[in-house]
Amino acid sequence: MKRLIGTRSIGLRAPIIEKGDDLVEIVFDSVKNACKNHEIEVNDRDVICVTESLVARAQGNYANVDQIAKDINNKFDSDELVVLFPILSRNRFSILLRGIAKSGKKLHICLSYPQDEVGNYLMDEMDLFNSDINPYKDVLDIDEFRKIAGDYKHTFTDIDYPKLYSEYAKNSEIHFLNNPVDALRFSGDVLVCSIHTREIVKRKLKEAGGKNILSLDEILDGSVDGSGFNEKYGLLGSNLSTENEVKLFPRNGEEFVLKLQDKLKNEFNKDIEVMIYGDGAFKDPVGKIWELADPVVSPAFTDGLFGTPSELKIKYIADNEFSHLSIEERTAAMVDRISKKEKELVGRDETLGTTPRQITDLLGSLADLTSGSGDKGTPIVLIQGYFDNYSNN
């Protein structure tokens, strides 16, 4: 029978997970039962994707605002602290700010403008363009900001984030700037809160004479009073759990994916890959927000998911080489061409438009879109046929 289906992504339902649950066994049972009940045939190089939230919940990897405050005081001695370039998010940062504020320090919350690192706007771009403000060098206080932005509210959440952050941190001042070095006028102690730019921001601050420069991945990188922690990412990748607690990014992910892979291989007798995924690496074209607020798309995955795809551009070849052929001839020629492609194709014309992104970033984005972030109840995703191409039948 001729194969007519390529890649498919299937969300699998799972029980509600709590601390201490045997997640390897639960995910294994969920996959096994779904495949049996819905007559899904498992194949070599199928991928089981498990959301990071499930792993962290099973681990009990949580921390409260008092533990965050204690670690802030453990790592910063001065009475004033710059909180630099946090993203605008109730889910991601508001609870962290509450913990930082509980340290008792005076905070200088420095927001980038007109948007944060992942594209959340705190003012209308046109209002900035029509002003005499130079965002590359001008540092604004809250009054100067209001003259331009007014009481601008976030497009989706209807939140005035400067106001919200001021309410969460009573002993604070809000500043608006884009050059990180300008933050040093407020304190030599700086907590860099950006996600993907944190290393270059820290380097710039240290070169400019910053006294004590740390980033969110260095807070709760070890347990404080029995808290959860993440030795690699600290508070990065955390989410609001309750009004006083955050769920941290999972740790020891490699152990989980290997145990699950081994169990799945023994059951199905197939070479199955496993990964943990968080936010997808895509941008909303309407709201202009970049989804990736986690430090990475996938914190852990099995060896078969290393690398980038090596693909030919079917449209390019069809237009440039096979346009004179009949539909049957060009289809057969394309199958033959793809079946004989070389492994290394970087820089070749026939690859134009096939940006070689990391496989885990692509798969994690597909899994995130499949599972959603609300009430679908499918935190496990089975992806099939991803490593096949047009020549596979």
Side-chain angles (χ1 to χ4, degrees), residues 1-12 31-32 34-36 38-50 257-258 260-262 264-277 280-282 297-298 300-371 380-393:
M1 182 184 297
K2 184 177 181 181
R3 178 176 172 179
L4 298 176
I5 295 176
T7 300
R8 65 175 180 171
S9 178
I10 307 168
L12 308 183
V31 173
K32 180 180 176 182
C35 291
K36 179 181 178 181
H38 296 277
E39 298 182 345
I40 300 171
E41 181 180 354
V42 176
N43 305 304
D44 286 327
R45 303 217 74 187
D46 281 358
V47 185
I48 296 297
C49 310
V50 182
V257 297
L258 289 173
L260 179 57
Q261 181 187 49
D262 185 61
L264 291 167
K265 281 185 175 182
N266 289 336
E267 173 65 24
F268 294 105
N269 195 30
K270 300 291 183 180
D271 288 325
I272 299 170
E273 303 296 342
V274 178
M275 66 179 288
I276 299 170
Y277 70 96
F282 51 86
V297 173
S298 177
F301 48 89
T302 49
D303 288 348
L305 301 179
F306 278 101
T308 60
S310 182
E311 299 175 318
L312 297 174
K313 189 72 168 182
I314 287 179
K315 179 178 68 174
Y316 179 90
I317 296 172
D319 289 347
N320 286 274
E321 299 181 27
F322 302 151
S323 60
H324 62 290
L325 302 176
S326 69
I327 187 169
E328 293 83 7
E329 290 172 333
R330 60 179 176 264
T331 298
M334 188 68 72
V335 168
D336 182 65
R337 177 67 181 276
I338 293 173
S339 69
K340 297 175 180 177
K341 70 179 181 180
E342 299 175 20
K343 288 185 177 181
E344 182 55 62
L345 296 169
V346 175
R348 302 274 288 272
D349 284 350
E350 57 263 45
T351 68
L352 289 171
T354 60
T355 306
R357 300 177 180 91
Q358 293 295 316
I359 290 171
T360 49
D361 290 346
L362 294 163
L363 288 171
S365 299
L366 177 56
D368 188 31
L369 287 167
T370 301
S371 63
I380 304 163
V381 177
L382 167 62
I383 298 176
Q384 297 190 299
Y386 186 81
F387 294 99
D388 297 342
N389 60 44
Y390 195 49
S391 70
N392 297 125
N393 198 36

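These values consider heavy atoms only, across backbone and side chains, with no hydrogens, waters or symmetry-generated copies.
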Exercise. For Ile272 and Gln261, which heavy atoms make the closest approach, and how far apart are they?
Worked result: O-NE2, 3.0 Å
Exercise. Does the side chain of Arg337 come within less than 4.5 Å of Ile317's, by heavy atoms?
Worked result: yes
Exercise. What pairs with Ala333 under side-chain contact (heavy atoms from CB on, under 4.5 Å), at least two apart in sequence or on another chain?
Worked result: Phe322, Leu325
For this session: Write down the atom of Leu258, the atom of Thr302, and the distance for their closest heavy-atom approach.
Result: CD2-CG2, 4.3 Å
Exercise. Going through the distances and angles, do Lys270 and Lys265 end up as a side-chain contact (heavy atoms from CB on, under 4.5 Å)?
Worked result: CA-CA 5 Å; Lys270 300 291 183 180; Lys265 281 185 175 182; over 6 Å; no
Exercise. Any side-chain heavy atom of Glu273 within less than 4.5 Å of one from Ile48?
Worked result: no
Exercise. Would you call Pro309 and Ile359 a side-chain contact if the rule is heavy atoms closer than 4.5 Å?
Worked result: yes
Exercise. Short question: side chain of Gln384, backbone of Gly6 - any donor-acceptor pair under 3.5 Å?
Worked result: no
Exercise. Does the side-chain contact (heavy atoms from CB on, under 4.5 Å) test come out yes or no for Tyr277 and Val381, once each step is laid out?
Worked result: CA-CA 10 Å; Tyr277 70 96; Val381 177; 3.8 Å; yes
Exercise. side-chain contact (heavy atoms from CB on, under 4.5 Å) between Asn392 and Asn389: does it pass, once the steps are laid out?
Worked result: CA-CA 6 Å; Asn392 297 125; Asn389 60 44; 3.4 Å; yes
For this session: Looking only at non-hydrogen atoms, find the nearest pair between Ala281 and Val297 and report the distance.
Result: CB-CG2, 3.8 Å
For this session: Determine whether Val274 and Val47 make a side-chain contact, defined as any pair of heavy atoms from C-beta on separated by less than 4.5 Å.
Result: no
Exercise. Under the side-chain contact (heavy atoms from CB on, under 4.5 Å) criterion, do Phe282 and Leu369 qualify, and how do the steps go?
Worked result: CA-CA 10 Å; Phe282 51 86; Leu369 287 167; 3.6 Å; yes
Exercise. Under a 4.5 Å cut-off applied to non-hydrogen side-chain atoms, are Tyr390 and Val335 in contact?
Worked result: yes
Problem set entry | Pairwise side-chain contact, Ile383 with Cys49, heavy-atom cut-off 4.5 Å (strictly under) | yes
Exercise. CG of Asp44 to CG of Asp388: how many Å apart, nearest 0.5 Å?
Worked result: 10.0 Å
Exercise. Shortest non-hydrogen contact from Thr360 to Met275?
Worked result: O-CE, 3.5 Å
For this session: Spell out, as yes or no, whether a donor-acceptor pair under 3.5 Å connects the side chain of Asn266 to the backbone of Asp262.
Result: yes
Exercise. Is there a donor-acceptor pair closer than 3.5 Å between any side-chain N or O of Asp46 and the backbone N or O of Val42?
Worked result: no
Exercise. Within a radius of less than 6.0 Å around CG of Asp319, do more than 12 heavy atoms belonging to other residues, nucleotides or ligands occur?
Worked result: yes
Exercise. Is the backbone N or O of Ser326 less than 3.5 Å from a side-chain atom of Glu329, with the two atoms forming a donor-acceptor pair by type?
Worked result: yes
Seminar exercise, completed: With sequence neighbours left out, the residues meeting side-chain contact (heavy atoms from CB on, under 4.5 Å) with Arg45 are Phe387
Exercise. Any side-chain heavy atom of Val31 sitting closer than 4.5 Å to one from Leu12?
Worked result: yes
For this session: State the CG-CG distance between Leu264 and Leu260, to the nearest 0.5 angstrom.
Result: 4.5 Å
Exercise. Between Lys340 and Asp336, is there a salt bridge with N-O shorter than 4.0 Å?
Worked result: yes
Exercise. Are the side chain of Ser9 and the backbone N or O of Thr370 linked by a donor-acceptor pair below 3.5 Å?
Worked result: no
Exercise. Can you find a heavy atom in the side chain of Gln358 that is under 4.5 Å from one in the side chain of Leu363?
Worked result: no
